[in-house]
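Take a look at the structure set out below.
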Number of protein chains: 2
Amino acid sequence: MRIIGELPARPAVFAAGEEIVREGTRQKESCLVTSGFAARSQSLRSGERQITAVHVPGDFVDLHSMMLKVMDHSVVALGPCKVAFVPHERIREVTEQSPHLARLFWLSTTIDGAIQRTWITCLGRRSAEQHLAHLICELYVRLEAAGIASDFTYGFPVTQAELGDVLGLSVVHVNRKLQELRSAGLVEWRDGKVTIRDFDQLARLSEFDPTYLSLRREAR
Amino acid sequence: MRIIGELPARPAVFAAGEEIVREGTRQKESCLVTSGFAARSQSLRSGERQITAVHVPGDFVDLHSMMLKVMDHSVVALGPCKVAFVPHERIREVTEQSPHLARLFWLSTTIDGAIQRTWITCLGRRSAEQHLAHLICELYVRLEAAGIASDFTYGFPVTQAELGDVLGLSVVHVNRKLQELRSAGLVEWRDGKVTIRDFDQLARLSEFDPTYLSLRREAR
DNA sequence: CGGTCTATTGACTGGCGTCAAGCACCGTGG
DNA sequence: CCACGGTGCTTGACGCCAGTCAATAGACCG
């Protein structure tokens, strides 16, 4: 979520696939995405990994690191990505002085949680095809709300392997399901550019309901 | 997480399976579990459902309802369950007056998020057996920290169907995997009572690492 | 005593993973 | 200019994990 930051921020640039914050470390700063995409990922002994969240510009990726002390996940760049680091100390000060800002940070964490719950349901109870369709819908709605996407098109520069890590699927299966959506005329996805040909159908297929994203303007 | 509440609370009792808060509604109170287990669940058109979180006594189940306005999930009782409802208004006042308490609520939400991330990884990248083993470990550690469990035993009165809704599996498969853990001598599970026979082995099997639960005492 | 709920088991099916090969595209160096 | 290795996408063959369907048995209850 977009948090208006008049905070002192240290900008940094990362190339596709680079690690922004490492699992298991203790941080003194939190970062927010200013351009491109970042993701949270957890890895297993086998070398497999699972991406547990995707962040778009404006998202405060790891407010978590401040509260959790030890990172339970890494933050990586999906495609080229710019971020800004803000010292925990400053966030702490700001939240103590302004209950309103504290509330906004808390809200951000809460919406994050709502998205994660939806992902859990996608992983547990939806088919691969539905899950993929759901993700495509979610990203469009989030990016549109952030003012970065329109006309049912957006850039999302990830490999199919990374997509597999998001969906909990193998590369091969991602490839097949993607082709099914393509040949059904629902989606185009080429060179990191996604175009939704039939949003309603895609939403119906995946039972996508954007309520959980809390994008409607309401007093908080 | 245990939030010390000197807040005005309206107590309520729910029977196994009863709905405490309904998906899609707007609430004016948040609830915390005082005894028994509650769960968050999302349901699909097909009638299937996914449980996205399990809450133990001391957990502030849906602080969410305050921030999110419209519930993105239901809260249901797993087994008999006692809860306390606290008006949002009171929580709001308290957090505005005490940055420290606001911080504790925020921390609670953050840890909640860490647990959800782990569940995502379990669903996406672990086998059914590992996932089940991981859940058994997690619940024990959380209950022990809450002072409700010891000696590797705890009560968890859920049906195998509910367990399936937690793990994203069918009843039949839950039954089979449970039997495998039993016959491997790792776990006993009868009549809603879980006994871990070999915690280390179970943790190794499922790659369980309790760090994400943030139970180590650290200044916040 | 029949009805409902839960646990259990077997037979069969199917979605998704694994393995492997073949392309297309790229940047590099000879 | 072309050989090359690397990376990512695509496709086919095959196998296994988990779902579905169905039936049985026990516990509880009205």
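No experiment lies behind these values; they were computed from the predicted model shown. Chain identifiers are assigned alphabetically (A, B, ...) following the order of the sequence lines, protein sequences preceding nucleic acid strands; residue numbering begins at 1 within each chain.
Rounded to an integer number of Å, the gap from L123(A) CG to dG15(C) P is 18 Å. Remark: P of dC16(C) and CZ of R125(A) are 14 Å apart, rounded to the nearest angstrom. In this entry the distance linking CG of L169(B) with P of dG15(C) reads 17 Å, nearest Å.
Contact of the V174(A) side chain with the L132(A) side chain is not registered, since no non-hydrogen atoms from C-beta on lie closer than 4.5 Å. When side chains are defined from C-beta on, F152(B) does not count as touching V187(B), because their heavy atoms never get closer than 4.5 Å. In this structure the side chain of L213(B) reaches within 4.5 angstrom of the side chain of R142(B), judged on heavy atoms. Residues Y212(A) and L68(B) fail the side-chain proximity criterion, which asks for heavy atoms closer than 4.5 Å. Counting heavy atoms from C-beta outward, R49(B) and E162(B) have side chains that approach closer than 4.5 Å. For the pair V54(B) and F156(B), the minimum side-chain heavy-atom distance is below 4.5 Å.
Of the residues in residues 184-195 of chain A, none has a non-hydrogen atom less than 4.0 angstrom from any atom of DNA chain C. Contacts of residues 36-54 of chain A with DNA chain C (heavy atom under 4.0 Å): none.
Separating the CZ atom in F199(A) from the CG atom in L186(A) is a distance of 12.0 Å, to the nearest 0.5 Å. Expressed to the nearest 0.5 Å, how far CG of L32(A) lies from OG of S108(A) amounts to 10.0 Å. To the nearest 0.5 Å, the span separating NE2 on H64(A) from OG1 on T109(A) amounts to 5.5 Å.
Contact record, I51(B) with A39(B): CG2-CB, 3.7 Å, taken as the closest heavy-atom pair.
Direction of the helix axis in the helix from dC1(C)-dG30(D) to dC26(C)-dG5(D) shifts by 30° between the two five-pair termini, rounded to 10°.
Contact footprint of chain B on DNA chain D: nucleotides with an atom under 4.0 Å from a non-hydrogen protein atom, first to last in 5' to 3' order, dA18(D) to dC21(D).
Residue contacts shown for G168(A) are limited to sugar-phosphate atoms, with no base heavy atom under 4.0 Å away. Counting non-hydrogen atoms under 4.0 angstrom, T159(B) reaches the backbone sugars and phosphates but no base.
Residues in residues 9-18 of chain A take part in these salt bridge (charged side-chain N to carboxylate O under 4.0 Å, His left out) pairs, two or more places apart or across chains: R10(A)-E29(A). Here salt bridge (charged side-chain N to carboxylate O under 4.0 Å, His left out) pairs that include residues 118-128 of chain A, with residues two or more places apart or in two chains, are R125(A)-D165(B). Applying the side-chain hydrogen bond (donor to acceptor under 3.5 Å, both in side chains) rule to pairs touching residues 191-201 of chain A yields E188(A)-R197(A), sequence neighbours excluded. For residues 31-43 of chain A, the pairs satisfying salt bridge (charged side-chain N to carboxylate O under 4.0 Å, His left out) are R40(A)-D112(A), with sequence neighbours left out.
Here E180(A) pairs with K177(A) under the salt bridge (Lys or Arg N to Asp or Glu O under 4.0 Å) rule; sequence neighbours left out.
Ring geometry for W106(B) against F105(A) counts as parallel: the plane angle stays under 30°, on a 0 to 90° scale with 60° as the upper cut.
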Show me, pair by pair, the donor-acceptor contacts under 3.5 angstrom made by side chains of residues 73-80 of chain B, not counting sequence neighbours?
| from | atom 1 | to | atom 2 | distance (Å) |
| --- | --- | --- | --- | --- |
| H73(B) | ND1 | R117(A) | NE | 3.3 |
| S74(B) | OG | E19(B) | OE2 | 3.3 |
| S74(B) | OG | E23(B) | N | 3.0 |

Using a cut-off of under 3.5 Å, enumerate the N/O to N/O pairs linking the protein to nucleotides 8-12 of chain C.
| from | atom 1 | to | atom 2 | distance (Å) |
| --- | --- | --- | --- | --- |
| dT8(C) | OP1 | R182(B) | NH2 | 3.3 |
| dT8(C) | OP2 | Q160(B) | NE2 | 2.8 |
| dT8(C) | OP2 | N175(B) | ND2 | 2.7 |
| dT8(C) | OP2 | R182(B) | NH2 | 3.2 |
| dT8(C) | O5' | N175(B) | ND2 | 3.3 |
| dT9(C) | OP2 | Q179(B) | OE1 | 2.3 |
| dT9(C) | OP2 | Q179(B) | NE2 | 2.8 |
| dG10(C) | N7 | R176(B) | NH2 | 2.6 |

Under-3.5 Å N/O pairs linking protein and nucleotides 23-25 of chain C:
none

| message | Is there a side-chain hydrogen bond (donor to acceptor under 3.5 Å, both in side chains) between D151(A) and T153(A)? Walk through the geometry before answering. | response | CA-CA 5 Å; D151(A) 297 325; T153(A) 297; over 6 Å; no
